[in-house]
Number of protein chains: 2
Amino acid sequence: MASKETEIINTLQTGGYRFTKQRQAVLEVISQNRENHLSTGEIFGEVKKKYPQIGLATVYRTVQLFEKIGLVQHISLDDGRMRYQMADPEEKHEHHHLICEICGEVIDVQEDMLEHLEQHVFLKKGFTVTNHRLTVFGICKNCSNH
Amino acid sequence: MASKETEIINTLQTGGYRFTKQRQAVLEVISQNRENHLSTGEIFGEVKKKYPQIGLATVYRTVQLFEKIGLVQHISLDDGRMRYQMADPEEKHEHHHLICEICGEVIDVQEDMLEHLEQHVFLKKGFTVTNHRLTVFGICKNCSNH
DNA sequence: TCGGTAATGAAAATCAATTTCATTTACTTT
DNA sequence: AAAGTAAATGAAATTGATTTTCATTACCGA
Ligand SMILES: [Mn+2]
Ligand SMILES: [Mn+2]
Ligand SMILES: [Zn+2]
Ligand SMILES: [Zn+2]
């Protein structure tokens with residue numbers, strides 16, 4: 001199998017896109033922050049450390065392109081800015097998020113667990129599911145134990 | 001049991017809030033558009049028809065207050081503006097949304113169907129769920145039949 | 001190498017949402 | 001009912017993330 005980066009380059013080229021230094025730099029930052037959910041501005045800040053001449057608009061365009069080709073997924077924490085994280089290459093749907101209402105921690109949940117719901121909306125409403133976005137609010141383990 | 005509006009007035013007063021003409025007007029618009037998901041700007045436009053002197057900031061403040069006390073819930077269609085709709089008074093969690101990727105229709109789903117998932121994240125991660133927000137993307141019945 | 005297209009960066013523009021602040025309104029206490 | 005107090009409002013200014021514009025540069029195939 002091809003290396004991960006080769007795969008990405010292929011995906012890009014298939015869509016008529018190029019794998020530029022800027023895109024590589026943005027990908028590196030997001031990839032090296034798999035556990036985080038960086039805002040576009042934060043990604044911009046990180047990328048500039050290695051690639052100071054990059055423009056903010058390029059970062060915006062890049063994360064949107066990456067999302068279009070399924071490389072990253074976004075979440076909104078309702079603070080007015082988009083956040084991006086690597087998508088799960090083998091999963092067909094986005095992963096879920098648990099958000100602690102006390103400490104604000106964001107926890108990833110890879111298990112889908114919506115198969116029954118998907119079936120239900122298909123049978124009941126004739127709706128064919130292609131993706132879903134689930135955010136769960138509550139209290140994390142840490143905050144539960146004070 | 002008290003009338004719906006009386007209940008609302010009580011809920012507001014319990015929190016130290018007042019039931020003003022402006023809040024009543026905003027509530028009316030949202031209530032009369034239960035099937036829709038109006039953006040704040042759209043709510044503002046509707047309210048102005050009956051109450052032309054209302055200010056945009058008041059509408060923003062009002063929908064946020066209504067959401068805080070559980071009267072309405074918001075959804076984001078990723079078009080950059082918040083949309084608001086009456087919440088389900090008897091349900092403890094927000095209802096779900098199906099969004100057709102072809103025609104853009106937004107379909108409400110009242111059934112929760114996340115009990116198993118809630119249990120799972122509690123057992124597996126120690127996370128106590130208080131609410132959740134689920135958006136499902138796909139093809140609606142109409143668009144499936146061409 | 002040449003020509004065409006994609007991509008970039010800097011700056012300006014957009015636009016939903018928020019803040020400020022002077023004024024009004026509603027509720028409580030005399 | 002009048003006064004006192006805090007909440008609420010509206011108009012305007014501001015914020016801040018995102019988008020657009022446009023001139024320039026990088027890349028790719030012929
Ligand atoms: Mn995540
Ligand atoms: Mn809805
Ligand atoms: Zn926590
Ligand atoms: Zn449709």
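Remember, it's a predicted structure, so these values are computed and weren't measured experimentally. Within every chain, numbering begins at 1; the chains are lettered A, B, ... in the order of the sequence lines, protein sequences first and strands thereafter. Hydrogens, waters and symmetry mates play no part in the numbers below; they use all other heavy atoms, side chains included.
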Original post:
Over how many whole Å does the gap from Lys48(A) atom NZ to dA10(C) atom C1' extend?
Top reply: 12 Å

Original post:
Quick one: on DNA chain D, does Gln13(A) or Leu56(B) contact a more 5' nucleotide (nearest heavy atom)?
Top reply: Leu56(B)

**OP:** Specify the separation, in whole Å, of atom CZ of Phe19(B) and atom P of dA26(C).
**Re:** 12 Å

Subject >> Closest non-hydrogen atom pair between Ile54(B) and Val59(B), with its separation >> reply: CD1-CG2, 4.1 Å

Subject >> Separation of dG9(C) C1' from Arg23(A) CZ (nearest whole Å) >> reply: 14 Å

Original post:
What heavy-atom pair brings Ile99(A) and Phe127(B) nearest, and what distance separates the two atoms?
Top reply: O-CZ, 3.4 Å

Original post:
Can you find a donor-acceptor N/O pair under 3.5 angstrom joining the side chain of Arg18(A) to the base of dT5(C)?
Top reply: yes

Original post:
When the distance from CD of Gln53(B) to P of dA8(D) is rounded to whole Å, what number comes out?
Top reply: 18 Å

Subject >> Short side-chain N/O contact to dA26(C) OP1/OP2 from Thr20(B), under 4.0 Å >> reply: no

**OP:** Let me know the distance between CZ of Arg81(B) and P of dT18(D), rounded to the nearest Å.
**Re:** 16 Å

Subject >> Short side-chain N/O contact from Gln22(A) to OP1 or OP2 of dA26(D), under 4.0 Å >> reply: no

Original post:
Counting only side-chain N and O atoms of Lys21(A), is one of them less than 4.0 Å from OP1 or OP2 of dT8(C)?
Top reply: no

**OP:** Would you mind classifying the nucleic acid contact of Ile54(A) as base, sugar-phosphate or nothing, using non-hydrogen atoms under 4.0 angstrom?
**Re:** sugar-phosphate

**OP:** Just do the side chain to side chain contact (heavy atoms under 4.5 Å, CB included) check on Leu114(A) and Val136(B) with the steps written out, would you?
**Re:** CA-CA 10 Å; Leu114(A) 296 185; Val136(B) 179; 5.9 Å; no

Original post:
Are Gln64(A) and dT18(D) close enough that a side-chain N or O sits under 4.0 Å from OP1 or OP2?
Top reply: no

Original post:
Which part of the nucleic acid does Thr40(B) contact within heavy-atom distance under 4.0 Å: base, sugar-phosphate only, or nothing?
Top reply: sugar-phosphate

Original post:
Side-chain donor-acceptor pair under 3.5 Å between His97(B) and His37(B), yes or no?
Top reply: yes

**OP:** Rounded to the nearest angstrom, tell me the gap between atom CE in Met82(B) and atom P in dA17(D).
**Re:** 15 Å

**OP:** Measure the distance from CZ on Phe44(B) to P on dA11(D) and round it to the nearest whole Å.
**Re:** 8 Å

Original post:
What is the distance from OH of Tyr17(B) to C1' of dT25(C), rounded to the nearest Å?
Top reply: 18 Å

**OP:** Have a look at Tyr51(B) and say if it touches a base, only the backbone sugar-phosphate, or nothing, with a 4.0 Å heavy-atom cut-off.
**Re:** sugar-phosphate

Subject >> Flag, side chain of His95(A) to backbone of Ala87(A), donor-acceptor distance under 3.5 Å >> reply: no

Original post:
Think Tyr60(A) has a side-chain N or O under 4.0 angstrom from the OP1 or OP2 of dT18(D)?
Top reply: yes

Original post:
Would one find a side-chain N or O of Arg61(A) under 4.0 angstrom from OP1 or OP2 of dG9(C)?
Top reply: no

